[in-house]
Amino acid sequence: MNFIEQIIEEDIQNRKNDGRVQTRFPPEPNGYLHIGHAKSICLNFGVAQKYGGKTNLRFDDTNPVKEDTEYVDSIREDIKWLGFQWAAEYYASDYFDQLYLWAEQLIQDGLAYVDDQTQEEISKGRGVPTAPGTESPYRNRSVEENLDLFRRMKAGEFPDGSRVLRAKIDMASPNMHFRDPIMYRILHAEHHRTGNKWCIYPMYDFAHGQSDSIEGITHSICTLEFEVHRPLYDWFCEALHIHHPQQIEFARLNLNYTIMSKRKLLQLVKENYVRGWDDPRMPTICGLRRRGYTPAAIRNFAETVGVAKRDNIIDVSLLEFCAREDLNKTAIRTMAVLDPVKLIIDNYPEDQVEMMDAVNNPEDESAGTRKIPFAKELWIERADFRENADKKFYRLSIDREVRLKYAYIIKCTHIVKDENGEITEIHCTYDPLTKSGMPDSNRKVKATIHWVPVKHSKAAEVRLFDRLFSVPDPDNCEEGQTFLDNLNPNSLEIKQAWVEEGLTYEKASTIKHFQFERIGYFYCDPDSSEEKLVFNKTVSLKQ
RNA sequence: UGAGCUAUGGUGUAAUGGUAGCACUACAGAUUUUGGUUCUGCCUGUGUAGGUUCGAGUCCUGCUAGCUCAACCA
């Protein structure tokens, strides 16, 4: 049980909010969701589920110049894909009328004023954390004048930036957010939902808590950087005499070898360092989806990393573990050769083709079996043969035996090289009595390798991904450099592979997740077609 | 240098004054027609100095380190 659940359980016990639990996930629709958001989604929906409450999806759309419906759609899709359903879908912009009324109320109560200072003057007047600020010369206007000015701001009489509405709190507060925070700014911009109805827009601090309040949120869970905003959150709820949700902060997720900043992720997309928001190397939810991560794997990851208040950097190996753990149980096995070299069985009949029995998933008997063709000439992995093999290497070498999975035990006799010294053919003999299922096949051999028949396999494109950045903390760079200098130049490698001929487009695109035996987990990319199969490596098997 | 927050193995996270546990990682072994899976074993930890207490990771004080805050962003 994490500290947030502890707080909630205490609140339930004390009958706070009549024992009700309600949370919300409040993204700003200005970017795609990433694995860090997934943690927050799992937390917010998770605790509500656990305590019989509900969770709203609320788009925090108070800044029309940054927000867009494209992002709204992707956010909805990603949350659903993760396996969560919100009780209601709201927008902070739904509350603009109410927020406006509340602003007038605070003016009436002498708790807000219109400031005519320039942005620079306001910034200067705020002072610095170590020294108090100074009060605005407009701070003590009459209620009537403030009301008149604020209404004219709303009516569009003033240009952008000419005036703001500020809460009258304390210019000497050690908390910078208490030094008369801005509640409303003038922005003659079209909003993705309210169009041109408004030319003044509320700031986060004057919108978020009130939105929570209107919806009856009981526990408003957010990340640590909002901790210093909490006194303000509380102040507005008190000043307005409205339902007062409890803001609770937790440490956001950080993953090594990647970045989580929306701004930087956007830059990677805009400047074509990746192929889009859903590039499988991106830590976005759509990127992970295209990479082949499953919702269950991500949910389990979110559960495993835990929830606390200290800064953390999670090792990507944990994410990878979660993917393997889920995929191992569910992924259909198939054989694919990514780096082929020809294996010729000299004593195997020239045109013979035998159908062998193969298991679809050793972890799940209900996945059944399939027949695969076997023939004299096969593709095997180049790495499964080594000319100078030491004791630690127990696959194929001259005079050594291995088992061809689901087929025969073979012994390498000799190899053929081209003029560059590169191996072009590996020759071997097979023992007909060692066919899988026969008594002699139980003979101990050190290794079993996968294969695909040269004449009975099909080509496929395989995309191998490495970490997007070559250092654990990409933001930590030397002077004069940026996170872009830490990009891994080899994060994408495209291979032409041979896969089982039975792996049709139909099969690949419906089953989607596969384990290429002895290699890793692969996902059928949406770029696939009847003509060409494309697979993304989700994660390799543990080495 | 003002305010707030945080310090537990390599990485995360528990222990709510009473045996420092779990997961990942690393390593070792067993099993295995995937060098996968499964199983077993194993290494490494309470930032620091005091104090309270029969007993402190936990409470108190000082120190140190890290993070956050000075957008008309969220």
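Reminder, nothing fancy here: chain letters follow the sequence lines and each chain counts from 1.
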Practice problem: For B:U25 versus B:C43, give the span between their C1' atoms, rounded off to a whole number of Å. | Solution: 12 Å
Exercise. Report which part of the nucleic acid A:Y394 touches: base, sugar-phosphate, or nothing (heavy-atom distance under 4.0 Å, all strands).
Key: base
Quiz item: What is the nucleic acid contact for A:F393, judged by heavy atoms within less than 4.0 Å: base, sugar-phosphate only, or nothing?
Solution: base
Practice problem: Return yes if a side-chain donor-acceptor contact under 3.5 Å exists between A:Y91 and A:E67, otherwise no. | Solution: no
Quiz item: With sugar-phosphate meaning primed atoms plus P, OP1 and OP2, does A:V307 contact a base, only sugar-phosphate, or nothing at under 4.0 Å between heavy atoms?
Solution: sugar-phosphate
Exercise. Report the glycosidic orientation of B:A23: syn if within 90° of 0, anti in every other case.
Key: anti
Practice problem: Check every strand shown and say whether A:E227 touches a base, only sugar-phosphate, or nothing at a heavy-atom separation below 4.0 Å. | Solution: sugar-phosphate
Quiz prompt | Nearest-nucleotide 5' precedence on RNA chain B, A:P174 against A:K309 | solution = A:P174
Quiz item: Using a cut-off of 4.0 Å on non-hydrogen atoms, how would the nucleic acid contact of A:P132 be classed: base, sugar-phosphate, or nothing?
Solution: nothing
Quiz item: Using atom P of each nucleotide, how far apart are B:A28 and B:C42 to the nearest Å?
Solution: 16 Å
Quiz item: Contact class for A:H229 (heavy atom, under 4.0 Å): base, sugar-phosphate, or nothing?
Solution: base
Practice problem: Using the P atom on both, measure B:G18 against B:G57 and round to a whole Å. | Solution: 10 Å
Self-check item: Nucleotides bounding contact with chain A, strand RNA chain B, heavy-atom threshold 4.0 Å
Solution: B:U1 to B:A74
Quiz item: When you match A:G127 and A:Y521 each to their closest nucleotide on RNA chain B, which lands nearer the 5' end?
Solution: A:Y521
Exercise. Please determine, by modelled atom types, if A:N175 and A:S173 share a side-chain donor-acceptor pair under 3.5 angstrom.
Key: no
Practice problem: Look at all strands and tell whether A:F321 reaches a base, only sugar-phosphate, or nothing, counting heavy atoms closer than 4.0 Å. | Solution: sugar-phosphate
Exercise. Sticking with atom C1', work out how far B:G17 lies from B:U52, rounded to a whole angstrom.
Key: 11 Å
Practice problem: Say whether A:N63 and A:E28, considering side chains only, have a donor N or O and an acceptor N or O under 3.5 Å apart. | Solution: no
Quiz item: If a stem is a run of at least 3 consecutive Watson-Crick or G-U pairs, both distances under 3.5 Å, which stems include RNA chain B?
Solution: B:2-7 with B:64-69, B:10-13 with B:21-24, B:27-30 with B:38-41, B:47-51 with B:59-63
Quiz item: For atom P, what is the distance between B:U19 and B:G12, given to the nearest Å?
Solution: 26 Å
Quiz item: Reckon A:L318 touches a base, only the sugar-phosphate, or nothing at all at heavy-atom distances under 4.0 Å?
Solution: sugar-phosphate
Quiz prompt | Residue from A:K405, A:K371, A:R370 passing salt bridge (charged side-chain N to carboxylate O under 4.0 Å, His left out) with A:E500 | solution = A:R370
Quiz item: If you look at every strand shown and take non-hydrogen atoms under 4.0 Å, does A:T334 touch a base, only sugar-phosphate, or nothing?
Solution: nothing
Quiz item: When the ring planes of A:H37 and A:F25 are compared, do they come out parallel, tilted or perpendicular, using 30° and 60° as the limits?
Solution: perpendicular
Quiz item: Counting only N and O atoms by type, is there a donor-acceptor contact under 3.5 Å from the side chain of A:H450 to the main-chain atoms of A:A336?
Solution: yes
Practice problem: Please step through salt bridge (Lys or Arg N to Asp or Glu O under 4.0 Å) for the pair A:K542 and A:E320, ending with a clear verdict. | Solution: CA-CA 9 Å; A:K542 209 175 157 194; A:E320 293 174 346; over 6 Å; no
Quiz item: OH/A:Y408 to CH2/A:W451 distance, rounded to the nearest 0.5 angstrom?
Solution: 10.0 Å
Exercise. Determine the Euclidean distance between corresponding C1' atoms of B:G66 and B:A71; express it in Å to zero decimal places.
Key: 25 Å
Quiz prompt | Result of checking A:E249, A:H177, A:Q246 against A:R230 for side-chain hydrogen bond (donor to acceptor under 3.5 Å, both in side chains) | solution = A:E249
Quiz item: Contact class for A:R179 vs. all strands (heavy atom < 4.0 Å): base, sugar-phosphate, or nothing?
Solution: nothing
Quiz item: With a non-hydrogen cut-off below 4.0 angstrom, is A:D311 in contact with a base, only sugar-phosphate, or nothing?
Solution: sugar-phosphate
Quiz item: NA contact type, A:F226, heavy-atom cut-off 4.0 Å: base, sugar-phosphate, or nothing?
Solution: base
Self-check item: Sequence-distant partners of A:E70, salt bridge (charged side-chain N to carboxylate O under 4.0 Å, His left out), two or more places apart
Solution: none
Exercise. Would you mind classifying the nucleic acid contact of A:R163 as base, sugar-phosphate or nothing, using non-hydrogen atoms under 4.0 angstrom?
Key: nothing
Quiz item: Just checking A:E517: base, sugar-phosphate only, or nothing, at a heavy-atom cut-off of under 4.0 Å?
Solution: base
Exercise. Using the P atom as the reference point in each nucleotide, state the distance between B:U6 and B:U40 in Å, no decimals.
Key: 37 Å
Quiz item: Given the P atoms of B:U16 and B:U58, what is the spacing between them in whole Å?
Solution: 12 Å
Quiz item: Hey, are A:T55 and A:T23 close enough side-chain-wise for a donor-acceptor pair under 3.5 Å?
Solution: yes
